[in-house]
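Residue numbers count from 1 along this sequence.
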Amino acid sequence: MRICFIGAGALGSTIGGTLARGGAEVWLIDPFQAHVDAINAGGLRMLEGDAETVVRVSACTSANQVGIVADLVIVLVKSYHTRDAIRAATPIIGPQTVVMSLQNGLGHEDILSEEVGRDRVMAGKTYVGGVLLGPGHVRSGVIGKETIIGELDGRLTERAQRISETFNRAGILTLLSDNILGTMWDKLFINVAGGGITAVTGLTYGGLYSLPVLEDCALAAISESIAVAQAAGVKISIADPRRAWTMASAGLPPEFKTSMLQSLQSGNLTEIDYIHGSVVRWGAKLNVPTPVNSTLVALVKGLEYARSDYPGKA
């Protein structure tokens, strides 16, 4: 299977490298030139536990450089880059190409469907982890971490089965779901548990899970999210806010930083609009109050705006 990753940071490189090692023809597309150059020069170095392997995989900075039509395009850019990224991927998308998002939050599939057609789009959520240690070098967290994929309409199709088999053959535990929308909301609850709060406070998980008042805030944000999903008629598996709160920290060290906090600390925009912001938008449509999530969205956007280089700021 020919698989192209649009966005090859820590997670894209980890999943892409694992698939390449499993026999798939993989292309990693990312604007980070030093990362691309290092991969092409010496392979992708993947550290798993104490063992490091080198995987040969093709990398480039633009879809124009790939030269093939992909069977599967996996989108793993920051949420706010989704539309521009899929438009730039036109050279690798053919009539039979499947486009699948593994991004956090909600709303990406709607953007992808608008650009390439809903019939080409699948959805997925992954609990695989990765850390970019340097150009061409990642720490991989694949073992025991589930990835769940599915068709937007819940059908169990041949193409979905083929993708699932490719992932599993490479060692990425992948489940095929007939309720991928429910899976996406379940993962959203876990992102809501810590994303906005850690971004506002600057705390790692060690601090987040030490203060009862922060736990209360997180549980309230999760409760709102669950209420919105239930009002939307989504079949979810997490109905207890405390379960999402517990799952959010499972297996993670006290020094863990959420991606939202990392984005702020590195001077980038966050994905707040696709996580807590999704809860607020859906709540507004369904007349479900979301005051805690609305407040977190406002505070994080305020922190973004406080930067001198905020886009469009005078």
Determine whether a donor-acceptor pair (N or O, by modelled atom type, separation under 3.5 Å) exists between the side chain of [X] and the backbone of [Y].
X	Y	value
Arg83	Glu115	no
Asn104	Asn191	no
Thr204	Pro254	yes

Problem - Cluster check Ile149, Leu19: I/L/V/M/F/W/Y, side chain < 4.5 angstrom - result: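 Yes.
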Practice task
Give the cluster check for Leu219 versus Val192: same hydrophobic cluster or not, with ILVMFWY residues linked at side-chain heavy-atom distances below 4.5 Å.
Solution key: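 Same hydrophobic cluster.
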Problem - Ring-face cation contact, Tyr127 with Lys187, 6.0 Å cut, 45° max - result: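 Yes, a cation-pi geometry holds between Lys187 and Tyr127.
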Problem - NZ on Lys145 to CD1 on Ile172, rounded to 0.5 Å - result: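 Going from CD1 on Ile172 over to NZ on Lys145, the span is 14.0 Å.
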Under a 3.5 Å cutoff, is there a donor and acceptor pairing between the side chains of [X] and [Y]?
X	Y	answer
Glu271	Ser263	no
Arg243	Thr246	no
Ser266	Gln262	no

Handout entry: Any Gln65 side-chain heavy atom under 4.5 Å of Pro91 side chain
Key =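 The answer is no; the side chains never approach within 4.5 Å.
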Problem - Apart from Leu152 itself, residues in the same hydrophobic cluster as defined by side-chain heavy atoms under 4.5 Å - result: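 The other cluster members (ILVMFWY side chains, heavy atoms under 4.5 Å, direct or chained) are Ile6, Trp27, Ile29, Val66, Ile68, Val73, Val75, Val77, Ile86, Ile92, Ile93, Val99, Leu112, Val116, Val121.
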Exercise for the section: Taking atom NZ of Lys78 as the centre, report whether more than 12 heavy atoms of other residues, nucleotides or ligands fall under 6.0 Å from it. Expected result: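 Atom NZ in Lys78 is crowded, with more than 12 foreign heavy atoms closer than 6.0 Å.
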Exercise for the section: Flag yes if more than 12 heavy atoms outside Gln96 fall under 6.0 Å of its CD atom; otherwise flag no. Expected result: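 Atom CD in Gln96 is not crowded, with 12 or fewer foreign heavy atoms closer than 6.0 Å.
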Exercise for the section: Apply the side-chain contact (heavy atoms from CB on, under 4.5 Å) test between His276 and each candidate in Val297, Val300, Val292, Leu299; give the one that qualifies. Expected result: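 Among Val297, Val300, Val292, Leu299, the one meeting side-chain contact (heavy atoms from CB on, under 4.5 Å) with His276 is Val297.
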